[in-house]
Amino acid sequence: MATVDKTIPDHFRGILCRGIKNYTVEEEIAARDTLFEGRPKEELLPGEVLIRVTRCGICAGDAKCWSGAPMFWGDEIRKPYVETPVIPGHEFVGEVIAIGNKEEKSQVQVGDQVTAEQIVACGKCLYCRKGLRWLCAPHDIFGFHRCVHGGMGQYMRFPQNSIIYNIPKRVSPSEAVYVEPLSCGVHGAHRGRIELGDTVVVSGCGPIGLGMVAAAKLAGPGRLIALDCMDSRLDIARECGADIVLNPLKSNVVKDIQELTDGYGCDVYLEATGNPKSVEQGLYMIRKNGRFVEFSVFKDKTSVDWTIIGDTKELDIMGAHCSGDNGYKVAIDMILRRQIPVERIVTHELSLDNIIQGIQYVNEGKDSIKVAVDPTK
Amino acid sequence: MLIFGLLQSLYHGSSKRVKKFVDETIYSYSVLKISTPDHSCFLILVCFVFHYKYTCRNMKIRAAVLEQMGKPLPYSVSKPLTIQELDLEGPEEDEVLVKMWYVGLCHSDLSVINGSRPRPTPMVLGHEAMGQVLQIGPGVDNVSVGDLVSCIFVPGCGQCEGCRIGRPTTCIPGAEANKRGVLLCGKTHLFRTRAPEKQPVYHMGGTSGFATHAVLSKHSVIKVDPSMPPQYAALLGCGVITGVGAVTNSAKVTFGSTVAIVGLGGVGLCGLLGAKACGASLILAVDLEEQKLAKAKEFGATHTYRVQKKDSLSKTVENICQLIGPFHKGLDYAFEMAGNGPALQIAYGITKPGGTTVTIGLPDPAVDLNIQQVSITAEERTLIGSYLGSGVAVRDLPRYVELYKKGVLPLEKLVSGIIPLNQINEGFDMLEKGEVIRILVNLKDEN
């Protein structure tokens with residue numbers, strides 16, 4: 001049974017994803033059908049947590065899902081990933097309003113500001129058993145599967161095997177909404193195995209790339225270089241700790257990096273643009289035996305002479321997905337210590353009514369960096 | 001003709017060194033002869049004198065010599081190190097002659113003085129050194145005359161298995177030479193002038209820095225950026241590379257990790273700077289002394305713990321684990337940087353299950369490892385030995401210079417004072433008492 005101070009109303013306001021380009025604001029989402037999968041809402045299972053959502057970010061993944069990207073809706077090879085109708089949103093923060101009874105002391109209390117890992121790991125598949133829960137096979141990520149409705153609504157339920165993080169209240173919701181993207185940036189930077197004094201290049205200064213810049217900075221690189229085609233984003237990269245910023249449209253960045261490194265090339269290249277040109281650029285500017293981290297979701301295929309990976313440069317190519325093992329922990333710590341200017345990265349906070357506008361901001365990527373919805377507005 | 005024949009047989013009968021000397025003299029003569037056809041005898045004399053002055057002649061130097069290990073404290077009274085005039089030979093092939101500028105007093109020197117790290121005597125100590133190259137022997141390609149260099153006390157020969165795979169700190173010939181107190185060539189180049197017969201004096205770490213001049217293997221010197229203040233460049237070859245290297249090379253601490261440093265002497269503080277530079281989120285400093293912990297806080301420790309000698313090991317470990325809070329069951333990485341058994345036991349005790357303990361200290365050879373064996377298995381522990389920061393000096397030193405320039409490694413905070421050579425015993429007293437971090441001997445102004 002639940003130990004509750006309050007519980008949630010029978011119906012609440014939120015976004016429903018019903019299909020491609022079909023995200024609508026619903027005034028009366030039935031809590032029982034969505035959050036509680038048909039159970040009575042008073043029967044909160046031990047360890048389940050009810051949240052009143054304060055903010056939820058719009059990811060490039062959400063924007064691509066709205067647009068109809070095959071990785072979400074399926075094609076000849078891939079099965080559809082998203083289950084409709086679902087409340088989208090996996091970059092959320094909120095306040096605990098109820099906790100299912102637990103014999104051992106819960107790590108969170110009613111009233112705490114919390115987030116949960118975007119993935120709710122099953123604990124049973126090969127990846128979970130290997131300690132790679134962010135690669136969990138069933139891959140229940142909030143906002144895409146109906147067992148884990150997302151944060152673009154007034155309320156959420158965290159299932160029993162969610163991993164929940166307390167975010168001290170001196171971090172405002174406008175800042176806390178950046179925790180999930182930052183946790184991904186942290187994981188990407190960790191995958192690069194940056195060593196003290198390394199020359200590190202981050203390509204792409206969107207929310208993930210900027211997170212990678214700030215995280216990479218902590219590892220003590222000798223030179224941290226950020227690349228982006230928009231000068232305004234390069235300014236923010238500087239504030240995140242980049243020593244040097246370069247615009248590939250304005251200079252020959254491969255040549256620049258080679259000059260900076262006595263012709264050897266950079267030690268680490270963190271790719272966060274999702275643009276095939278940035279992949280090629282990185283392979284040319286990285287030194288032999290260097291570390292290339294790929295985080296992004298791509299629209300177009302990438303084509304490159306594959307010889308460069310082995311025979312030419314004996315590279316370490318590392319993919320990165322989600323937040324790894326301690327991405328959230330490090331990200332929350334970074335925000336608490338003001339190691340990244342979050343206020344310059346979360347540029348827009350819109351009401352639920354403006355969801356389509358928000359998605360369009362993200363798809364264009366010109367006047368915004370991180371766009372969030374505020375279900376309380 | 002007879003004289004010529006005599007000279008020839010003398011030449012062929014003489015040592016390799018003399019032959020070389022004669023060859024070079026004749027070469028210089030032949031070069032000069034092209035430009036000045038007359039006065040050939042005079043020219044030979046000029047060449048002879050020129051060569052004598054700058055090559056084979058034993059150089060007279062002044063050095064702090066340790067005659068005997070184990071003299072009692074205070075050293076200002078027992079004077080274990082005496083300033084003596086010595087003969088310095090060389091540089092021979094693959095060797096360089098360095099005018100010493102600044103040399104640090106390190107606990108490893110102290111360990112030789114008090115006998116806990118036995119070495120052959122008489123020996124010129126000093127290994128954390130920097131200076132200027134005055135002369136290079138044949139085959140020296142890594143430095144030139146006039147270069148400023150930092151010295152590395154484990155010369156990597158470049159040819160053994162360890163050197164070939166990028167681990168020069170495991171160099172076998174280098175370790176052998178150090179143990180015997182000689183240079184990599186297998187000989188000592190230091191001799192006593194006034195002994196009835198030429199008595200060899202031994203080298204420390206292939207360096208012997210407490211001297212006006214030294215001859216080192218080319219593998220023992222790394223060129224240093226001349227814009228780096230020389231007093232701080234002296235620290236690079238020992239304290240910095242050992243302390244920072246343990247964190248960044250041996251343990252490869254990742255940003256966001258939790259780290260403990262046990263022992264906050266000069267090397268421990270460098271380890272602390274290294275942990276901070278690598279982005280450790282929690283840095284715990286552990287020591288017996290309050291003033292060392294205060295310094296550690298200044299350097300960026302997030303937590304400090306003062307060990308009480310009366311507490312048992314388990315009590316100390318329990319207190320520390322309580323200090324760092326309920327969400328950490330021990331630290332990801334713990335570094336022993338004190339050079340004694342109890343410090344390693346503490347470091348091991350506060351490391352989390354599955355965590356990594358690194359030891360850099362060089363205790364008395366009689367000290368055995370004292371760790372509960374079953375815990376290594378049951379808690380899946382990793383214990384790493386880290387020598388000279390597992391570094392590749394030629395790669396690491398320039399990086400540390402860059403990081404110093406960026407303000408990431410504020411080496412100026414490590415230098416407590418600079419003393420003249422004749423105050424060296426007093427300097428070791430201060431080090432022994434823990435009153436200072438690093439003192440440097442100023443040899444630049446010593447002739």
Side-chain angles (χ1 to χ4, degrees), chain A residues 104-105 107-108 131 164-166 182-183 185-200 211-224 241-244 260-262 264 267-268 287 289 291 323-337 339-340, chain B residues 165-166 225 236 240-241 243-259 270-283 300 302 325-328 332 352 354-355 380 389-410:
Chain A
E104 62 269 43
K105 192 162 168 275
Q107 282 202 340
V108 294
I164 305 175
Y165 296 93
N166 193 325
L182 182 56
S183 73
V186 165
H187 180 50
H190 264 143
R191 287 283 277 162
R193 297 193 326 260
I194 299 168
E195 293 175 9
L196 190 66
D198 270 352
T199 300
V200 177
M212 285 180 170
V213 169
K217 184 71 173 184
L218 299 181
R223 272 166 310 198
L224 181 55
D243 300 308
I244 300 170
L260 269 173
T261 55
D262 290 332
Y264 283 102
D267 300 292
V268 180
R287 65 160 169 86
N289 187 239
R291 287 146 262 139
S323 316
D325 179 54
N326 66 350
Y328 275 86
K329 180 165 146 291
V330 176
I332 293 169
D333 200 47
M334 282 171 74
I335 294 180
L336 277 169
R337 290 181 199 222
Q339 286 168 332
I340 180 165
Chain B
I165 58 165
D225 186 337
L236 293 173
V240 178
I241 200 173
V244 178
V247 173
T248 170
N249 295 327
S250 317
K252 291 199 169 50
V253 168
T254 49
F255 68 87
S257 309
T258 57
V259 167
C270 286
L272 209 170
L273 290 177
K276 188 157 173 244
C278 287
S281 62
L282 188 158
I283 305 175
T302 57
F327 296 115
H328 303 284
D332 298 325
K352 73 173 188 195
E380 281 248 335
S390 308
V392 178
V394 68
R395 173 199 70 197
D396 292 344
L397 256 49
R399 281 198 167 189
Y400 297 149
V401 170
E402 264 188 52
L403 291 169
Y404 163 77
K405 287 186 183 168
K406 281 181 80 168
V408 172
L409 291 179

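Note on naming: letters A, B, ... go to the chains in the order of the sequence lines (proteins, then strands), and numbering restarts at 1 for each one. Heavy-atom basis, side chains included; hydrogens, waters and symmetry copies ignored.
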Greatest number of non-hydrogen atom pairs under 4.5 angstrom with chain B, of A/Val330, A/Val186, A/Leu196, falls to A/Leu196
Mind ranking A/Lys329, A/His190, A/Glu195, A/Gln339 by heavy-atom pairs under 4.5 Å with chain B and telling me who comes out on top?
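Sorted descending by pairs with chain B, the first entry is A/His190.
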Turns out that what part of A/Arg337 lies under 4.5 Å from chain B's heavy atoms comes down to side chain
Region of A/Asp243 in contact with chain B, defined by heavy-atom distances below 4.5 Å
side chain
Look up atom [atom1] in [X] and atom [atom2] in [Y], then write down how far apart they are to the nearest 0.5 Å.
X        : Y        : atom1 : atom2 : result
B/Thr302 : B/Ile283 : OG1   : CD1   : 6.0 Å
A/Leu182 : A/Met334 : CG    : CE    : 4.5 Å
A/Asn326 : B/Ser281 : CG    : OG    : 9.0 Å

Which bit of B/Val247 is near chain A, if near means a heavy-atom gap under 4.5 Å: side chain, backbone, both or neither?
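Looking at B/Val247, nothing touches chain A.
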Who passes side chain to side chain contact (heavy atoms under 4.5 Å, CB included) against B/Ala251, sequence neighbours left out?
B/Val253, B/Tyr333, B/Phe335, B/Val358
Between B/Lys352 and B/Asp332, does any NZ, NE, NH1 or NH2 come within less than 4.0 Å of an OD or OE carboxylate oxygen?
yes
A/Arg223/A/Asp198 ion pair, N-O < 4.0 Å:
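Judged by the 4.0 Å cut-off on N to carboxylate O distance, A/Arg223 and A/Asp198 do not form a salt bridge.
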Heavy-atom contacts under 4.5 Å, residues 389-397 of chain B to chain A
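Answer by number: none.
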Looking only at atom types and distance, does a side-chain atom of [X] sit under 3.5 Å from a main-chain N or O of [Y], one as donor and one as acceptor?
X        : Y        : answer
A/Arg291 : A/Arg193 : yes
B/Lys406 : A/Gly222 : yes
B/Lys276 : B/Gly300 : no

Among B/Ala277, B/Ser257, B/Gly256, B/Pro398, which residue forms the greatest number of heavy-atom pairs with chain A at distances under 4.5 Å?
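Going by pairs under 4.5 Å, I would pick B/Ala277.
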